[in-house]
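Throughout, a chain's letter reflects where its sequence line sits, starting with A, and its residues are numbered from 1. Note that these values count all heavy atoms, side chains included, but never hydrogens, waters or copies made by symmetry.
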Amino acid sequence: MSTAIDMSLFGGADPIFTIADEVFSAMIDGEPGLLSEWFGEAPAIADPMYAWVDVDGVAPGRVLLSTERETALQITRALLEMGPDEVVGDADFVDALGEVANVVGGNVKALVPDPGALTLPQVTHERPPTSPENLLHELALAWRGRLLVISLWSLP
Amino acid sequence: MRVLVADDSRVMRQIVIRTLRQAGYDWEITEAANGAAALDIAQAEDPDLVLSDWNMPEMNGIELLRAMRQHGIDIPLGFVTSEGSAEMREQADAAGALFLIAKPFTAEIFRDTIDPFLA
(Lines give C-alpha, C1' and ligand atoms only; values in the text may rest on other atoms or scores of the structure.)
Protein backbone atom coordinates (compact mmCIF):
# COMPACT_ATOMS: atom_id res chain seq x y z
CA MET A 1 0.00 0.00 0.00
CA SER A 2 1.82 3.05 -1.25
CA THR A 3 0.56 5.60 1.28
CA ALA A 4 -1.57 5.86 4.34
CA ILE A 5 -5.23 6.17 3.55
CA ASP A 6 -6.27 9.82 3.33
CA MET A 7 -8.98 9.94 5.99
CA SER A 8 -10.04 13.41 4.88
CA LEU A 9 -11.67 11.85 1.84
CA PHE A 10 -14.29 10.09 3.98
CA GLY A 11 -16.09 13.01 5.60
CA GLY A 12 -14.80 12.27 9.08
CA ALA A 13 -15.87 8.61 9.08
CA ASP A 14 -13.16 6.01 9.52
CA PRO A 15 -13.27 3.98 6.29
CA ILE A 16 -11.83 0.98 8.11
CA PHE A 17 -14.77 1.03 10.49
CA THR A 18 -17.14 1.35 7.55
CA ILE A 19 -15.59 -1.71 5.90
CA ALA A 20 -15.60 -3.73 9.13
CA ASP A 21 -19.19 -2.72 9.85
CA GLU A 22 -20.30 -3.90 6.41
CA VAL A 23 -18.44 -7.20 6.79
CA PHE A 24 -19.87 -7.94 10.20
CA SER A 25 -23.39 -6.77 9.35
CA ALA A 26 -23.62 -8.74 6.10
CA MET A 27 -21.58 -11.87 6.75
CA ILE A 28 -21.35 -12.43 10.49
CA ASP A 29 -24.31 -10.90 12.31
CA GLY A 30 -26.89 -10.68 9.56
CA GLU A 31 -27.85 -7.30 10.91
CA PRO A 32 -26.13 -4.01 11.70
CA GLY A 33 -25.46 -2.58 15.12
CA LEU A 34 -23.32 -5.19 16.84
CA LEU A 35 -19.98 -3.59 15.94
CA SER A 36 -18.75 -0.29 17.36
CA GLU A 37 -15.51 1.49 18.01
CA TRP A 38 -13.91 0.46 21.28
CA PHE A 39 -14.51 3.04 23.96
CA GLY A 40 -11.47 3.88 26.07
CA GLU A 41 -8.11 2.17 26.11
CA ALA A 42 -8.18 -1.30 24.61
CA PRO A 43 -6.88 -4.04 26.93
CA ALA A 44 -4.05 -6.35 25.99
CA ILE A 45 -5.13 -9.53 24.23
CA ALA A 46 -4.43 -12.44 26.56
CA ASP A 47 -4.88 -15.40 24.21
CA PRO A 48 -4.43 -13.87 20.79
CA MET A 49 -5.22 -14.99 17.29
CA TYR A 50 -3.93 -13.09 14.30
CA ALA A 51 -5.19 -13.11 10.73
CA TRP A 52 -3.76 -11.05 7.93
CA VAL A 53 -3.45 -10.47 4.23
CA ASP A 54 -0.70 -8.58 2.50
CA VAL A 55 -0.95 -6.33 -0.50
CA ASP A 56 2.07 -6.85 -2.70
CA GLY A 57 3.52 -4.29 -5.07
CA VAL A 58 5.86 -1.34 -5.13
CA ALA A 59 4.96 -0.36 -1.56
CA PRO A 60 3.62 -3.49 0.13
CA GLY A 61 1.32 -3.39 3.12
CA ARG A 62 -0.50 -5.62 5.59
CA VAL A 63 -4.03 -5.68 6.97
CA LEU A 64 -3.86 -7.40 10.35
CA LEU A 65 -6.73 -8.59 12.52
CA SER A 66 -5.95 -9.27 16.18
CA THR A 67 -8.41 -10.72 18.65
CA GLU A 68 -8.86 -13.20 21.49
CA ARG A 69 -9.07 -16.87 20.49
CA GLU A 70 -12.51 -17.07 22.09
CA THR A 71 -13.71 -14.10 20.03
CA ALA A 72 -12.39 -15.77 16.88
CA LEU A 73 -14.34 -18.91 17.84
CA GLN A 74 -17.51 -16.85 18.23
CA ILE A 75 -16.91 -15.21 14.86
CA THR A 76 -16.53 -18.67 13.31
CA ARG A 77 -19.77 -19.88 14.91
CA ALA A 78 -21.57 -16.80 13.64
CA LEU A 79 -20.19 -17.15 10.11
CA LEU A 80 -21.24 -20.77 9.92
CA GLU A 81 -24.48 -20.24 11.87
CA MET A 82 -23.38 -22.83 14.42
CA GLY A 83 -25.01 -23.32 17.77
CA PRO A 84 -23.18 -22.28 20.96
CA ASP A 85 -22.45 -25.89 21.89
CA GLU A 86 -21.27 -27.05 18.48
CA VAL A 87 -17.59 -27.87 18.26
CA VAL A 88 -15.62 -25.67 15.89
CA GLY A 89 -13.11 -27.67 13.87
CA ASP A 90 -9.58 -26.36 13.51
CA ALA A 91 -9.85 -26.09 9.73
CA ASP A 92 -13.07 -24.08 9.89
CA PHE A 93 -11.62 -21.86 12.64
CA VAL A 94 -8.57 -20.94 10.56
CA ASP A 95 -10.66 -20.64 7.41
CA ALA A 96 -13.24 -18.35 9.00
CA LEU A 97 -10.80 -15.94 10.59
CA GLY A 98 -8.71 -15.90 7.44
CA GLU A 99 -11.75 -15.14 5.35
CA VAL A 100 -12.68 -12.17 7.56
CA ALA A 101 -9.13 -10.85 7.04
CA ASN A 102 -9.44 -11.54 3.32
CA VAL A 103 -12.69 -9.60 2.93
CA VAL A 104 -11.54 -6.68 5.10
CA GLY A 105 -8.18 -6.66 3.31
CA GLY A 106 -9.73 -6.76 -0.13
CA ASN A 107 -11.89 -3.78 0.66
CA VAL A 108 -8.97 -1.87 2.20
CA LYS A 109 -6.95 -2.60 -0.93
CA ALA A 110 -9.62 -0.83 -2.97
CA LEU A 111 -9.00 2.37 -0.98
CA VAL A 112 -5.30 2.75 -1.71
CA PRO A 113 -3.61 3.93 -4.90
CA ASP A 114 -1.51 1.56 -7.00
CA PRO A 115 -2.07 -1.63 -4.99
CA GLY A 116 -0.47 -4.89 -5.99
CA ALA A 117 -1.87 -8.38 -5.61
CA LEU A 118 -3.67 -9.49 -2.46
CA THR A 119 -2.06 -12.50 -0.81
CA LEU A 120 -3.97 -15.46 0.56
CA PRO A 121 -4.80 -15.01 4.24
CA GLN A 122 -2.66 -16.35 7.04
CA VAL A 123 -3.87 -17.19 10.54
CA THR A 124 -1.56 -17.77 13.50
CA HIS A 125 -1.35 -17.71 17.27
CA GLU A 126 1.91 -15.76 17.01
CA ARG A 127 1.86 -12.13 16.03
CA PRO A 128 3.50 -11.55 12.65
CA PRO A 129 6.54 -9.27 12.86
CA THR A 130 5.67 -5.58 12.76
CA SER A 131 7.62 -2.43 13.63
CA PRO A 132 5.90 0.49 15.37
CA GLU A 133 7.24 2.96 12.82
CA ASN A 134 5.42 1.06 10.08
CA LEU A 135 1.97 1.40 11.62
CA LEU A 136 -0.32 3.31 9.25
CA HIS A 137 -3.62 3.04 11.06
CA GLU A 138 -5.09 1.14 14.00
CA LEU A 139 -8.73 0.71 14.94
CA ALA A 140 -9.95 -1.06 18.08
CA LEU A 141 -13.47 -2.40 17.72
CA ALA A 142 -16.05 -3.90 20.02
CA TRP A 143 -18.00 -6.80 18.53
CA ARG A 144 -20.72 -7.94 20.91
CA GLY A 145 -18.53 -6.36 23.59
CA ARG A 146 -15.44 -8.29 22.51
CA LEU A 147 -12.20 -6.64 21.34
CA LEU A 148 -11.10 -6.89 17.71
CA VAL A 149 -8.23 -4.75 16.43
CA ILE A 150 -7.69 -3.97 12.76
CA SER A 151 -4.31 -2.46 11.95
CA LEU A 152 -2.70 -1.42 8.69
CA TRP A 153 1.06 -1.63 8.24
CA SER A 154 3.57 -0.75 5.59
CA LEU A 155 5.99 -3.56 4.91
CA PRO A 156 9.73 -3.27 4.24
CA MET B 1 -30.26 -24.87 -12.66
CA ARG B 2 -26.80 -26.25 -11.83
CA VAL B 3 -24.18 -23.91 -10.42
CA LEU B 4 -20.51 -24.38 -9.61
CA VAL B 5 -19.18 -22.37 -6.65
CA ALA B 6 -15.40 -21.98 -6.60
CA ASP B 7 -13.63 -20.54 -3.56
CA ASP B 8 -10.61 -21.78 -1.62
CA SER B 9 -12.47 -21.01 1.62
CA ARG B 10 -14.97 -23.71 2.61
CA VAL B 11 -16.50 -21.21 4.99
CA MET B 12 -17.05 -18.73 2.16
CA ARG B 13 -18.49 -21.43 -0.11
CA GLN B 14 -21.02 -22.18 2.63
CA ILE B 15 -21.86 -18.49 2.95
CA VAL B 16 -22.31 -18.16 -0.82
CA ILE B 17 -24.58 -21.21 -0.92
CA ARG B 18 -26.54 -19.98 2.10
CA THR B 19 -26.98 -16.56 0.53
CA LEU B 20 -28.13 -18.09 -2.76
CA ARG B 21 -30.82 -19.97 -0.84
CA GLN B 22 -31.78 -16.81 1.04
CA ALA B 23 -32.07 -15.06 -2.32
CA GLY B 24 -34.55 -17.72 -3.38
CA TYR B 25 -32.32 -19.66 -5.72
CA ASP B 26 -33.03 -23.34 -5.19
CA TRP B 27 -30.20 -24.48 -7.39
CA GLU B 28 -28.13 -27.65 -7.53
CA ILE B 29 -24.70 -26.63 -6.24
CA THR B 30 -21.29 -28.17 -6.88
CA GLU B 31 -18.20 -26.86 -5.08
CA ALA B 32 -14.56 -26.44 -6.04
CA ALA B 33 -11.71 -25.30 -3.80
CA ASN B 34 -9.58 -23.71 -6.52
CA GLY B 35 -9.60 -22.72 -10.14
CA ALA B 36 -7.99 -25.91 -11.42
CA ALA B 37 -10.63 -28.08 -9.77
CA ALA B 38 -13.32 -25.75 -11.04
CA LEU B 39 -12.03 -26.08 -14.61
CA ASP B 40 -12.15 -29.87 -14.34
CA ILE B 41 -15.71 -29.77 -13.01
CA ALA B 42 -16.80 -27.26 -15.65
CA GLN B 43 -15.47 -29.56 -18.38
CA ALA B 44 -16.96 -32.71 -16.86
CA GLU B 45 -20.34 -31.50 -15.62
CA ASP B 46 -21.18 -28.47 -17.83
CA PRO B 47 -22.94 -26.39 -15.15
CA ASP B 48 -25.20 -23.52 -16.14
CA LEU B 49 -23.26 -20.90 -14.17
CA VAL B 50 -19.93 -20.60 -12.38
CA LEU B 51 -19.60 -18.35 -9.32
CA SER B 52 -15.92 -17.90 -8.62
CA ASP B 53 -13.69 -16.21 -6.11
CA TRP B 54 -10.79 -14.27 -7.62
CA ASN B 55 -7.86 -15.01 -5.35
CA MET B 56 -7.36 -18.78 -5.12
CA PRO B 57 -4.35 -21.10 -5.14
CA GLU B 58 -3.55 -23.43 -8.06
CA MET B 59 -5.48 -21.25 -10.52
CA ASN B 60 -7.13 -17.96 -9.63
CA GLY B 61 -10.50 -16.82 -10.85
CA ILE B 62 -9.37 -14.74 -13.80
CA GLU B 63 -7.10 -17.58 -14.92
CA LEU B 64 -10.06 -19.95 -14.61
CA LEU B 65 -12.21 -17.74 -16.81
CA ARG B 66 -9.50 -17.41 -19.43
CA ALA B 67 -8.81 -21.15 -19.36
CA MET B 68 -12.49 -21.93 -19.78
CA ARG B 69 -12.78 -19.67 -22.81
CA GLN B 70 -9.56 -21.07 -24.29
CA HIS B 71 -11.03 -24.55 -23.98
CA GLY B 72 -14.17 -23.39 -25.72
CA ILE B 73 -16.21 -23.56 -22.51
CA ASP B 74 -18.72 -20.74 -22.73
CA ILE B 75 -20.43 -21.28 -19.37
CA PRO B 76 -21.23 -17.87 -17.89
CA LEU B 77 -18.98 -16.94 -14.96
CA GLY B 78 -19.56 -14.33 -12.29
CA PHE B 79 -16.99 -13.33 -9.71
CA VAL B 80 -17.76 -13.26 -5.98
CA THR B 81 -14.68 -11.64 -4.53
CA SER B 82 -13.32 -9.44 -1.77
CA GLU B 83 -11.74 -7.24 -4.43
CA GLY B 84 -14.41 -5.00 -5.88
CA SER B 85 -12.37 -2.02 -7.04
CA ALA B 86 -13.02 -0.35 -10.36
CA GLU B 87 -9.78 -1.79 -11.69
CA MET B 88 -10.78 -5.35 -10.80
CA ARG B 89 -14.23 -4.84 -12.34
CA GLU B 90 -12.58 -3.65 -15.53
CA GLN B 91 -10.34 -6.73 -15.59
CA ALA B 92 -13.32 -8.98 -14.98
CA ASP B 93 -15.33 -7.28 -17.69
CA ALA B 94 -12.45 -7.42 -20.17
CA ALA B 95 -12.06 -11.15 -19.55
CA GLY B 96 -15.75 -11.72 -20.22
CA ALA B 97 -17.16 -12.15 -16.72
CA LEU B 98 -20.91 -11.83 -16.45
CA PHE B 99 -20.70 -9.77 -13.25
CA LEU B 100 -18.60 -9.15 -10.17
CA ILE B 101 -20.19 -9.29 -6.73
CA ALA B 102 -17.97 -7.82 -4.04
CA LYS B 103 -17.76 -9.36 -0.57
CA PRO B 104 -19.41 -8.68 1.80
CA PHE B 105 -22.68 -9.36 0.03
CA THR B 106 -26.31 -9.84 0.97
CA ALA B 107 -29.12 -11.88 -0.52
CA GLU B 108 -30.53 -8.66 -1.92
CA ILE B 109 -27.27 -7.93 -3.73
CA PHE B 110 -27.33 -11.45 -5.18
CA ARG B 111 -30.88 -11.00 -6.43
CA ASP B 112 -30.23 -7.53 -7.86
CA THR B 113 -27.11 -8.77 -9.68
CA ILE B 114 -28.19 -12.21 -10.84
CA ASP B 115 -31.92 -11.82 -11.56
CA PRO B 116 -31.42 -9.72 -14.72
CA PHE B 117 -29.41 -12.54 -16.26
CA LEU B 118 -32.09 -15.11 -15.49
CA ALA B 119 -34.86 -13.17 -17.14
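Heavy atoms of Gln22(B) lying under 4.5 Å from chain A belong exclusively to its side chain. There is no contact between Thr76(A) and chain B, counting heavy-atom distances below 4.5 Å.
Pairing each heavy atom of Leu120(A) with each of Asp8(B), the nearest pair is CD2-OD2, 3.7 Å. When all heavy atoms are compared, the tightest approach of Asn107(A) to Pro104(B) is ND2-CD, 3.9 Å. Between Lys109(A) and Met88(B), the shortest heavy-atom distance links the atoms NZ-SD, 4.3 Å. Heavy atoms only, all atoms of each residue included: Ala26(A) and Thr106(B) are closest at CB-CG2, 4.0 Å.
Interface summary for chain A: among Asn55(B), Thr81(B), Thr19(B), Asp7(B), the most heavy-atom pairs under 4.5 angstrom belong to Asn55(B). Of all the listed residues (Leu80(A), Ile19(A), Ile28(A)), the one sharing the greatest number of non-hydrogen pairs under 4.5 Å with chain B is Leu80(A). Note on Arg18(B), Met56(B), Glu87(B): by heavy-atom pairs under 4.5 Å with chain A, the leading option is Arg18(B).
Hydrophobic clustering (ILVMFWY, side-chain heavy atoms < 4.5 Å, transitive): Leu77(B) and Trp27(B) are in distinct clusters. Both Leu73(A) and Ile15(B) belong to a single network of hydrophobic side chains, linked directly or stepwise wherever heavy atoms of I, L, V, M, F, W or Y lie under 4.5 Å apart. When hydrophobic clusters are built by joining Ile, Leu, Val, Met, Phe, Trp and Tyr residues whose side-chain heavy atoms come closer than 4.5 Å, directly or via intermediates, Val104(A) is grouped together with Phe17(A). Cluster membership for Leu148(A) and Trp38(A), using ILVMFWY side-chain heavy atoms within less than 4.5 angstrom, is not shared. By the rule that hydrophobic residues join a cluster once side-chain heavy atoms approach within less than 4.5 Å of another member, Leu49(B) and Ile73(B) end up as members of separate clusters.
Under the 4.5 Å side-chain criterion, counting only non-hydrogen atoms from C-beta, Asn102(A) is in contact with Lys103(B). Looking only at side-chain heavy atoms (C-beta outward), Gln14(B) and Leu79(A) stay at 4.5 Å or farther from each other. By the 4.5 Å heavy-atom criterion applied to side chains, Val11(B) and Met27(A) are not counted as neighbours.
Atom CD of Glu70(A) is surrounded by more than 12 heavy atoms from other residues, nucleotides or ligands within 6.0 Å. Counting non-hydrogen atoms of neighbouring residues, nucleotides and ligands closer than 6.0 angstrom, the CD atom of Glu28(B) reaches no more than 12 such neighbours. Around CD of Glu133(A), the count of heavy atoms belonging to other residues, nucleotides or ligands within 6.0 Å exceeds 12.
Legend: residues meeting salt bridge (Lys or Arg N to Asp or Glu O under 4.0 Å) with Asp54(A), ordered by chain and number and at least two apart, are Arg62(A).
At a heavy-atom cut-off of under 4.5 Å, chain B is reached by Asp92(A), Asp95(A), Ala96(A), Glu99(A) from residues 86-99 of chain A, listed in order of number.
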